[in-house]
Amino acid sequence: MSFKRLKYDFSNKVVVVTGAGRGIGRAIAEAFAQAGANLGLISKTDSVIKTAKALSSRTKTLAFSGDVSDYQFVKNSVSATIEKFGTIDILVNAAAILGPAGILPENDIEQWIQTINTNLTGTFLAIHEVLPIMISKKQGKIINFAGGGAAYAYPKFTAYACSKTAVVRLTETVAQEVSQYDIQVNVIAPGAVETDMLSQVRKAGGEVRTTVTMDKPVNLVLYLASQYSNHISGRFIHSKDDYTNFAVKMEDDLYKLRRLPLR
């Protein structure tokens with residue numbers, strides 16, 4: 001594979017990142033700050049406040065600590081970001097929880113449902129609140145997160161796998177709904193990065209297929225948020241894919257959830 005060397009400038013762009021308090025979400029926030037973007041950072045952990053403060057010397061930031069599955073919290077966070085910066089250009093939905101581990105009968109029911117609410121409903125709510133202003137401008141970028149289990153079975157983590165698979169289909173569907181407004185919506189498989197979540201997977205005996213360094217998913221997100229990817233929408237892309245060389249016209253079912261046709 002031959003990735004193109006690209007320079008990113010997000011000066012005067014407004015980016016909302018969920019899950020920005022730690023892990024990949026925080027690394028993405030730092031990358032956007034370095035590229036000049038103004039940031040609305042959302043996380044369930046109070047560490048998002050420290051992240052925003054650390055980045056405030058580079059750019060303008062807002063921090064919101066709360067649950068992404070709480071509609072009123074998401075609505076208020078997006079509204080405050082628009083009030084502060086006047087718009088939202090890019091949304092990155094990185095917030096997620098692993099959920100209960102073990103075979104399905106062993107799973108705690110409330111934890112299972114909360115995993116769906118956080119990973120799927122949380123993604124939906126952020127998109128729901130951000131899309132109106134993107135549609136009004138006829139421009140925008142949305143990058144969602146899938147991951148383990150979205151492209152294959154993921155034993156011991158049914159809630160996580162189901163939620164992430166649903167995020168892929170949500171992405172593909174919304175991408176078609178907003179294509180007329182020049183809004184690109186994509187979903188990434190970041191690969192297994194050495195984060196707290198990956199430690200939880202290993203501890204529970206989960207399968208780890210493709211480990212990558214933090215820069216891989218970060219670079220993919222920057223690419224999909226940039227003008228270089230205007231020809232890509234409704235796709236499910238891994239951080240190790242040769243995405244900078246994707247053709248302007250792609251086969252309709254390539255890089256999408258699909259079933260194999262009968263031969």
Looking at Phe64 versus Phe73, is the centre-to-centre ring distance below 6.0 Å?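 Centroid separation for Phe64 and Phe73: 6.0 Å or greater.
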Atom [atom1] in [X], atom [atom2] in [Y]: separation rounded to 0.5 Å?
{"X": "Asn144", "Y": "Thr171", "atom1": "CG", "atom2": "OG1", "result": "4.0 Å"}
{"X": "Leu62", "Y": "Thr81", "atom1": "CG", "atom2": "OG1", "result": "5.5 Å"}
{"X": "Leu39", "Y": "Thr51", "atom1": "CG", "atom2": "OG1", "result": "10.5 Å"}
{"X": "Gln34", "Y": "Leu222", "atom1": "CD", "atom2": "CG", "result": "9.5 Å"}
{"X": "Ile135", "Y": "Glu177", "atom1": "CD1", "atom2": "CD", "result": "9.0 Å"}
{"X": "Ile28", "Y": "Asn219", "atom1": "CD1", "atom2": "CG", "result": "10.5 Å"}

Find out if a path of hydrophobic residues (ILVMFWY) with successive side-chain heavy-atom gaps under 4.5 Å connects [X] to [Y].
{"X": "Ile143", "Y": "Phe246", "answer": "yes"}
{"X": "Val16", "Y": "Leu224", "answer": "no"}
{"X": "Val15", "Y": "Leu55", "answer": "yes"}
{"X": "Ile113", "Y": "Phe124", "answer": "no"}
{"X": "Val174", "Y": "Val78", "answer": "yes"}

Taking [Y]'s backbone N and O only, do any of them form a donor-acceptor pair with [X]'s side chain (distance below 3.5 Å, no angle check)?
{"X": "Asn76", "Y": "Gln72", "result": "yes"}
{"X": "Asn119", "Y": "Ser163", "result": "no"}
{"X": "Ser239", "Y": "Leu220", "result": "no"}
{"X": "Asp9", "Y": "Ser11", "result": "yes"}
{"X": "Arg235", "Y": "Tyr255", "result": "no"}
{"X": "Thr121", "Y": "Thr118", "result": "no"}
{"X": "Arg258", "Y": "Lys256", "result": "yes"}
{"X": "Asp89", "Y": "Gly140", "result": "no"}
{"X": "Asp108", "Y": "Glu110", "result": "yes"}
{"X": "Thr158", "Y": "Leu104", "result": "no"}

Less than 3.5 Å apart, any donor N or O on the side chain of [X] or [Y] sitting next to an acceptor on the other?
{"X": "Gln180", "Y": "Asp182", "result": "no"}
{"X": "Lys137", "Y": "Thr87", "result": "yes"}
{"X": "Arg22", "Y": "Ser47", "result": "no"}

Do Val130 and Ile82 pass the side-chain contact (heavy atoms from CB on, under 4.5 Å) test, and can you show the C-alpha distance, the side-chain angles, and the key distance before you say yes or no? CA-CA 9 Å; Val130 164; Ile82 295 172; over 6 Å; no
Can you spot which of Ile90, Ile183, Ile127 makes a side-chain contact (heavy atoms from CB on, under 4.5 Å) with Met134?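 Exactly one option meets the side-chain contact (heavy atoms from CB on, under 4.5 Å) with Met134, and it is Ile183.
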Going by the angle between their ring planes, with limits at 30° and 60°, are Phe32 and Phe10 parallel, tilted or perpendicular?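 Judged by the thresholds at 30° and 60°, the geometry between Phe32 and Phe10 is perpendicular.
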How are the rings of Tyr228 and Tyr8 set relative to one another: parallel (under 30°), tilted (30 to 60°) or perpendicular (over 60°)?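 Correct class here is perpendicular.
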Grab the two heavy atoms, one from [X] and one from [Y], that are nearest each other, plus how far apart they are.
{"X": "Thr18", "Y": "Ala94", "answer": "OG1-N, 3.0 Å"}
{"X": "Trp112", "Y": "Ala159", "answer": "NE1-N, 3.4 Å"}
{"X": "Asp67", "Y": "Gln114", "answer": "OD2-NE2, 3.8 Å"}
{"X": "Cys162", "Y": "Ile116", "answer": "CB-CD1, 4.4 Å"}
{"X": "Ala63", "Y": "Ala52", "answer": "CB-CB, 3.6 Å"}
{"X": "Phe85", "Y": "Lys60", "answer": "CE2-CB, 3.6 Å"}

State whether the number of non-hydrogen atoms from other residues, nucleotides or ligands found under 6.0 Å of [X] atom [atom1] is greater than 12.
{"X": "Asp215", "atom1": "CG", "answer": "yes"}
{"X": "Gln111", "atom1": "CD", "answer": "yes"}
{"X": "Ile103", "atom1": "CD1", "answer": "yes"}

Side chain to side chain, [X] and [Y], heavy atoms closer than 4.5 Å:
{"X": "Ile142", "Y": "Gln184", "value": "no"}
{"X": "Leu41", "Y": "Ser43", "value": "no"}
{"X": "Val167", "Y": "Phe145", "value": "no"}
{"X": "Tyr71", "Y": "Glu129", "value": "yes"}
{"X": "Leu131", "Y": "Tyr181", "value": "no"}
{"X": "Val68", "Y": "Leu125", "value": "no"}

side-chain hydrogen bond (donor to acceptor under 3.5 Å, both in side chains) evaluation trace for Asn38 with Thr59: CA-CA 6 Å; Asn38 296 319; Thr59 190; 3.1 Å; yes
Scan Ser226, Ser229, Ser233 and name whichever one has a side chain to side chain donor-acceptor pair (under 3.5 Å) with Lys141.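 It is Ser229; the other options fail the test.
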